[in-house]
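Here is the structure we will look at.
Quick note: residue numbers are just sequence positions, from 1.
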Amino acid sequence: MTATVASHRKPRQHPLAALTGGSRSARTARTAATLALAGAATAAGLDGTGQAAPQPTPAQVKNRVDALYQEAEVATQSYNGAKEAAERAREELSRLQDEAARRTDKLNAARSELGTMAASQYRSGGIDPTVRLLLSADPQRYLDGAAVLQRTGSHQATAVAGYARRLGSVRQIQRRAEDTAERLADTEAALKKHRVTVVHKLGAAEQLLSRLTAEQRQRMAGRGGAHHGAGEGRADRGTGRGDSVRADAGPEAAAAAARAADPRAARAVAFAYAALGKPYVWGATGPSGFDCSGLTQAAWKAGGVALPRTTYTQISSGPRIDRSQLTPGDLVFFYSGISHVGLYVGDGKMIHAPHPGAPVRIAPIDQMPFAAATRPA
């Protein structure tokens, strides 16, 4: 039988054959085709018909880099949301595990009590009660003992019911813990996915910027656009229409705080001014670096108000404010997906954490597509 089955098997292909393309004849044909294509490409290059891809202009680089940073910020907010959800799930899982341990201890105590009762009943319950009464030398004493046993039986029923209740409670907690652990695993997978997306977008932006000269990057930064590169994490002292960070912001900070709607907003404004020049770090909430929603969260925390972590949750942290009614401390949001946020400081300006390579700075709110504004409450 074994020999018959073996005779019908297909000859196994060597693993190296699968990697290198199968049979010798097939490999030979593919090699010839590849050489022919390579020769055609070479000939095209020699006769001038092959054209290299044109280098993008600085304006094209700026537009693409700005788009990549905006896409990265969308992914960053998703990352922040997933991170916040993962932290909540970890806390809940830890609490459920502690609760399950406590309830299991009580369950074990109830099980021990039932075991003691069962052993006692076995030792004393082997003779029918009527026979025991007839054999008893003191019927009254027996009847008194029977009353005690009846009460003991009632206690036993209560103990059994309590054990069953505790068992169900432990199982319920364990199921909740299992669901939470599963949710945590899904959230951590999403966290990893968003992180990869952010890194990819930022890497693509860095690669594009590396094609520009230092002068081109400086001009781009002067127009308020994206910039990056070694040494550009320091404060930009520019005072033009583009993003700006000023060393002499003390009087301006005091004036902005004085125009705030209330003392909490004033403290948030003061915090934002104190953060000027600190680097953008995606996923960070300070104190040494911030992303956009991390900055606004930290600023309002200094004011005594706990904001949620992401732009798309911070927008619901208070009543919506019309653009014409903005006062220092209000949150201003940008893009249709609410992917960027800044802290309004008056005179049509905000303090925000723009993107990697651009420190926390002052910028006009019309620099990006305005979406909405909120006054935290």
Side-chain angles (χ1 to χ4, degrees), residues 73 76-77 79-81 83-85 87-88 91 233-236 243-321 325-334 338-356 358-365 368 371-377:
E73 194 143 44
T76 296
Q77 295 307 313
Y79 171 89
N80 291 339
K83 184 177 180 181
E84 190 176 44
E87 289 170 354
R88 287 197 302 266
E91 291 172 359
R234 63 184 182 275
D236 181 355
D243 290 354
S244 63
V245 175
R246 289 189 291 277
D248 57 343
E252 183 178 339
R259 298 195 304 271
D262 58 49
R264 299 176 307 168
R267 290 193 293 271
V269 168
F271 181 96
Y273 271 97
L276 288 173
K278 292 189 176 181
Y280 178 101
V281 179
W282 71 270
T285 58
S288 58
F290 304 90
D291 63 18
C292 70
S293 57
L295 174 63
T296 50
Q297 184 188 51
W300 270 96
K301 183 179 180 181
V305 177
L307 295 185
R309 179 63 182 91
T310 64
T311 53
Y312 49 81
T313 51
Q314 287 183 7
I315 197 171
S316 300
S317 61
R320 296 291 178 89
I321 302 298
Q325 302 299 316
L326 286 170
T327 60
D330 292 343
L331 302 180
V332 283
F333 298 89
F334 303 90
I338 315 297
S339 59
H340 190 76
V341 62
L343 189 84
Y344 188 71
V345 293
D347 300 324
K349 299 175 184 177
M350 65 176 171
I351 293 177
H352 72 143
H355 51 72
V360 175
R361 55 182 53 184
I362 299 171
I365 63 173
M368 291 175 286
T374 294
R375 183 166 296 160

From [atom1] ([X]) to [atom2] ([Y]), nearest 0.5 Å:
| X | Y | atom1 | atom2 | answer |
| --- | --- | --- | --- | --- |
| H355 | T76 | NE2 | OG1 | 12.5 Å |
| T296 | H352 | OG1 | NE2 | 12.0 Å |
| Y312 | Q77 | OH | CD | 7.0 Å |
| T310 | Q297 | OG1 | CD | 9.5 Å |
| R361 | Y280 | CZ | OH | 13.0 Å |
| Y79 | D291 | OH | CG | 10.0 Å |

query: Under the 3.5 angstrom rule, does the side chain of W300 hit a backbone N or O of G329 as a donor-acceptor pair?
result: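 A pair under 3.5 Å: yes.
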
- prompt: Got a donor-acceptor contact below 3.5 angstrom from the T374 side chain to the L331 backbone?
  reply: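 No, the answer is negative, given that no donor and acceptor are paired below the 3.5 Å cut-off.
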
- request: Would you sort out whether K278 and L295 count as a side-chain contact (heavy atoms from CB on, under 4.5 Å), showing the intermediate values?
  value: CA-CA 10 Å; K278 292 189 176 181; L295 174 63; over 6 Å; no

task: Identify the residue among Q314, R309, E73 that makes a side chain to side chain donor-acceptor pair (under 3.5 Å) with S293.
output: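 Filter result, single survivor: R309.
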
Write down the atom of [X], the atom of [Y], and the distance for their closest heavy-atom approach.
| X | Y | result |
| --- | --- | --- |
| V305 | A377 | CG1-O, 4.0 Å |
| P359 | G277 | CB-O, 3.5 Å |
| P376 | L307 | CB-CD2, 3.9 Å |
| P328 | G346 | CG-N, 4.1 Å |
| S339 | T311 | CA-OG1, 3.8 Å |
| A373 | L326 | CB-CD2, 3.5 Å |

task: Determine whether V345 and R259 make a side-chain contact, defined as any pair of heavy atoms from C-beta on separated by less than 4.5 Å.
output: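 No, side chains not in contact.
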
Side-chain heavy atoms of Q325 within contact of D330, under 4.5 Å: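 A side-chain contact is absent here, since even the closest heavy-atom pair is not under 4.5 Å.
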
task: Would you please classify the geometry between the H340 ring and the F334 ring as parallel, tilted or perpendicular, with 30° and 60° separating the classes?
output: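 Ring orientation, 0 to 90° scale: tilted.
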
task: Would you mind checking if K349 and D347 are paired as a salt bridge, meaning a charged N to carboxylate O distance below 4.0 Å?
output: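 Not counted as a salt bridge, because no side-chain N and carboxylate O are separated by less than 4.0 Å.
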
message: Please evaluate residues K301 and T285 with respect to the criterion side-chain contact (heavy atoms from CB on, under 4.5 Å), reporting the C-alpha separation (whole Å), side-chain torsions for both, the decisive distance (0.1 Å), and the verdict.
response: CA-CA 11 Å; K301 183 179 180 181; T285 58; over 6 Å; no

